[in-house]
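Reading through the structure tokens given below for one structure.
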Amino acid sequence: MGPATTPKDEETDQRRESAAAIKRGESELSDIENDSSDGNADASDKDSDDVFEPDEKTTPAKSASKSKNESVSDSDDDKPLADLPSSATKKRPSTANSAKALSKVNEKQLSGEDEDDDDDEDDDDNTPLAKKAKKSSKEDKKKPAAKKTATPKPSKKSKANEESDDDSDTPLADKKVVKTESGATKRKAPTTPAAKKEKKEPSSASKKKVKKETGVKKEGDDAIDEENEGDDEDEEEEYAWWVQGNMDNSEKWKTMSHMGPVFPPAYVPHGVKMKYNGVAIDLAPASEEVATFFAGVLGTNYEKNPTFCKNFFTDFLQVLSKEKKKSPIKEFSKCDFSPIAEYLAELKEKRKQMTKDEKSTIKKEKLELEEKYGWAIFDGRKEKVGNFRIEPPGLFRGRGDHPKTGTLKLRVTPEQVTINIGAEAKVPEPPAGHKWGAVVHDNTVAWLATWKENVNDNIKYVLMAATSSLKGQSDLKKFEKARELKKHIDKIRRVYTEGLKDKVMATRQLSTALYFIDRLALRAGNEKGEDEADTVGCCSLRFEHVTLEPPNKVIFDFLGKDSIRYENTVEVTDAVFKNIKIFKRDPKKEGDMLFDRLNTGILNKNLTQHMPGLSAKVFRTYNASWTFQQELKKTPTEGTVQEKLLAYNRANRQVAILCNHQRAASKGHDSSVAKIMDKVRGMKYERSLVKKAILAHDPKLKKKRPELDQEESDVDEDFEEVYLSGLEEKHKENERKALEKENEKRKEEGLEALKSLEKKKSLVIGAAAYEGLSEEKLEKKLQDLNKKIENTKLTIVDKEENKTTALGTSKINYIDPRISVAWAKKYDVDLDKIFNRSLREKFRWATHLEEDWEF
DNA sequence: GCCTGGACTTAGAAATCTGTCC
DNA sequence: GGACAGATTTCTAAGTCCAGGC
């Protein structure tokens, strides 16, 4: 499939540039490699919570060194390790702790390593083994039968591995049992909290409030205390959960109440008729609603997406078939939804044209709803709910090539909704004539309500807002985990670097994947079903997603999350290059897994051995925050706030590029940049006039301040002409408008229209504008212009660099906010220049720290 | 021990709001 | 005050990952 979704070629260049940022790793890596090869590895390795005890503490240096020496011979040729003469492979670093650590896991999980080395070589390196049919997988369709026959058997088996040996030889993809069809999976009632609690350790003696609370209510109250409402940001008192440092949030509340979710209003038919074959068609309300959904996407890319149209039409026919009268609608191509689309456009226009009063009435109603349903009471504290609205029906807008995009998303009924609320609280009333599907009192989960949507059978939740203490605690926990990784990262890098040359294929795959996850911040890459868009992450990369460019470049080109294209050319170490070559070796072909002995489960299980709770995604957080902190060091200490902010945004941008956070370039980007550039030139022209005026006052300054006599770089006579005539034009236009306005007024008053304004503003432009100004005023003007020009120039740079890169995602999710807070303190920049109101609220927990705080 | 459903985080697009310029 | 652009908020799709059930 062609990566057609959001190709951004310039972005690629930017990304390449960002490879520089990635190289932070490269240099470190070579350090690590050198480290391990020169036998000094253990000197720097002070990890206390080392998980690989036995050999680890004995002679890591020796083993590391040994492994390196061996791998030298290993890497002398391009042959996979298995193809080397046994004498070479037999010397494999079996005592190398790190590689062993990786293999250890594989022994268990893959049961892939035979005790007999020779066998191992053959099995692992040469031939991906038995390929059973992968049920309902895309790969399956693409793989011809030949693939499935390549099934050499392992020759010997160790006792311990006897049972799983077969599997060990099988690329994992082929072992996986794929999800059953949606209909085949039964829906489970939510697990009872009581049952869960029995298994769980009772959480620590409740989280005490360390500060005075606001909005404390008696438990069981169901109405929200309006008096306590107000601008949260201005509230002095807050629930400073972060002070006590208890990060165990397995028990999320003791008492909890809320008002339940809000359902979308019932459909009100508009009566506008769509056409079929040119004839207006009467539709029953249910059908009209679905037709209106489609009319709403006319003019967007969805309309041009055949899958979207096909899925929509299938469901539309289904709805039509339920009408009492038989509908003539049979073919999509004969449908004309434009009358409804026009009606929708009219509605939109009407909304735009609403009077101030009408707008404020709507706003008031919205606020009232938010006030009523937008809050929950957690242990007596009023906290904001995130999405308290049940998703309205519509057409599923799956991204990329989602096979179900366009499918009708049905209206959710209260009977489908499960409410989670404190046992002591009053259960919110369901809409009249309805009942809740269930009511539970589970304080081990964060959701207030849940339901299952019909399109993908996904479970949806009503959750707390990002500013809530619950989410704040999760955030802090996440960043602390990433900081914890800092203590282990050297070791992990050393381990996977050694693992790159391990004899066992599974270990090499694991190590290579880890290398990418660490260096390139790739996502883990879970397997996906055939009812989802074909996107991949690290573990699910396929043959066609990675190409090699000798001597040491790897080119990635694949669609990642949200079908966003990831394009990157990276210089890698010899070992990685060689591994990819092996992983792509015959008989592998397009459609085959690159890492056929790896999946996210194995990867993460391995990672938890290095550090409890460590998973692939932690690397993204760690590397994002770490990169950000490093990049911020480039902030000019003496610079203006604007310059400091540019440095901040650049650091942010490096992270966004690393994480491949993209956005579509706005339509008017180029023209808006051109406009600003013209503005700068105009200011420069004005500056040149001011300078001349200053010199006219005091010609002696010419020597003292030669810059006053300097020509402006990009302001020439042509520009002057255009600029001045532009000013004149503008002036005339303003006069014309003013006259028009005046005459309208006169008309109302029954007066005769004027031919020209009585009081005209005279236009003074060019040098004349500065004649007669005092030297002092001119100097002030010059200073102002200098400042303005510099700031505007920086704006252009920032804008240009931000064209297709989305900074928000990394700022919200990956960069430890404490780095930003410390930076703002250190460089004396207002926090609100870098965090908007929402972020300040979301990261309130991060604001109380010293400027020397480090990630 | 494997698999999957459930719970949650992360993501870009779309909608809405806000500020600036004229 | 209207138009426009940019910022912010909302929406919900699409990921990750792990606990619990078989």
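Just so it is clear: chains get the letters A, B, ... in the order the sequence lines come, proteins before strands, and each one is counted from 1.
In terms of phosphate contacts, A:H661 brings no side-chain nitrogen or oxygen within less than 4.0 Å of OP1 or OP2 of B:dG12. Remark: A:K471 is in phosphate contact with B:dT9, judged by side-chain N or O atoms under 4.0 Å from OP1 or OP2. Of the side-chain N and O atoms in A:K617, one or more sit less than 4.0 angstrom from OP1 or OP2 of B:dT10. Taking side-chain N and O atoms only, A:K605 has no distance below 4.0 Å to OP1 or OP2 of B:dG1. Close to C:dC17, at under 4.0 Å from its OP1 or OP2, lies a side-chain N or O of A:S615. The side chain of A:T535 places an N or O atom within less than 4.0 Å of a non-bridging phosphate oxygen (OP1 or OP2) of C:dG15.
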Show, in sequence, the C-alpha distance, side-chain angles and deciding distance for A:T307 and A:D401, and conclude whether the side chain to side chain contact (heavy atoms under 4.5 Å, CB included) test is met. CA-CA 8 Å; A:T307 312; A:D401 279 344; 5.8 Å; no

Given the rule in the side chain to side chain contact (heavy atoms under 4.5 Å, CB included) test, do A:I602 and A:N606 qualify, once you have shown the distances and angles that lead to the verdict? CA-CA 6 Å; A:I602 293 168; A:N606 177 267; 5.6 Å; no

Tell me, with the steps shown, if A:V455 and A:H402 meet side chain to side chain contact (heavy atoms under 4.5 Å, CB included). CA-CA 12 Å; A:V455 179; A:H402 197 296; 5.9 Å; no

Show your working on side chain to side chain contact (heavy atoms under 4.5 Å, CB included) between A:I362 and A:R351 and close with a plain yes or no. CA-CA 10 Å; A:I362 290 177; A:R351 262 202 304 274; 5.8 Å; no

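The residue A:G525 sits close only to the backbone: its heavy atoms come under 4.0 Å of sugar-phosphate atoms, none of a base. Using a 4.0 Å heavy-atom cutoff across all strands shown, A:Y461 reaches at least one base atom of the nucleic acid. As judged by a 4.0 angstrom heavy-atom cut-off over every strand, A:N526 is placed among the base-contacting residues. Residue contacts for A:R620: at a heavy-atom cut-off of 4.0 Å it reaches the sugar-phosphate backbone alone, with no base atom in range. Residue A:S474 is in sugar-phosphate contact alone, with no base atom involved, counting any heavy-atom pair closer than 4.0 Å across all strands shown. Nucleic acid contact for A:K409: sugar-phosphate only, since backbone atoms but no base atoms lie under 4.0 Å from a heavy atom of the residue. A:G808 comes within 4.0 angstrom of nothing in the nucleic acid, heavy atoms only.
For the residue pair A:Y302 and A:R397, no side-chain donor N or O sits within less than 3.5 Å of a side-chain acceptor on the partner. The closest side-chain donor-acceptor pair between A:N652 and A:S810 falls under 3.5 angstrom.
The nearest whole Å value for the distance from the CZ atom in A:F619 to the C1' atom in C:dC17 is 15 Å. If you take CG of A:N599 and P of C:dC17, they are 12 Å apart, rounded to a whole angstrom. Residue A:K404 contributes atom NZ, which lies 12 Å from atom P of C:dA13 at whole-angstrom precision. Distance, A:N458 CG to C:dT12 C1': 11 Å, rounded to whole Å. Rounded to an integer number of Å, the gap from CG of A:L395 to C1' of C:dT12 is 14 Å. Protein atom CZ of A:F396 is 14 Å distant from nucleotide atom P of B:dA14, rounded to whole Å. Regarding A:K477, its NZ atom lies at a distance of 10 Å from the P atom of B:dT9, rounded to whole Å. Following rounding to the nearest Å, A:I815 (CD1) and B:dA11 (C1') show an atom-to-atom distance of 15 Å.
Closest to the side chain of A:Y814, from the set B:dG6, B:dT10, C:dA13, is B:dT10. Comparing B:dA11, C:dT16, B:dC8 against the side chain of A:T809 picks out B:dA11 as the nearest. Comparing B:dG6, B:dG12, C:dA14 by their closest approach to the side chain of A:H402 singles out C:dA14.
In this structure the side chain of A:T809 never reaches within 4.5 angstrom of the side chain of A:R663, judged on heavy atoms.
Relative orientation of the A:F294 and A:F312 rings is parallel, given thresholds of 30° and 60° on the angle between their planes.
With hydrogens and angles ignored, a donor-acceptor pair closer than 3.5 Å exists between the side chain of A:K561 and the base of B:dT10.
Listed by chain and number, the residues in a salt bridge (Lys or Arg N to Asp or Glu O under 4.0 Å) with A:R389 amount to none (sequence neighbours excluded).
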Nucleotide N/O of nucleotides 7-11 of chain C paired with protein N/O under 3.5 Å:
residue, atom, partner, partner atom, Å
C:dT9, OP1, A:S838, OG, 3.0
C:dT9, OP2, A:S838, OG, 2.2

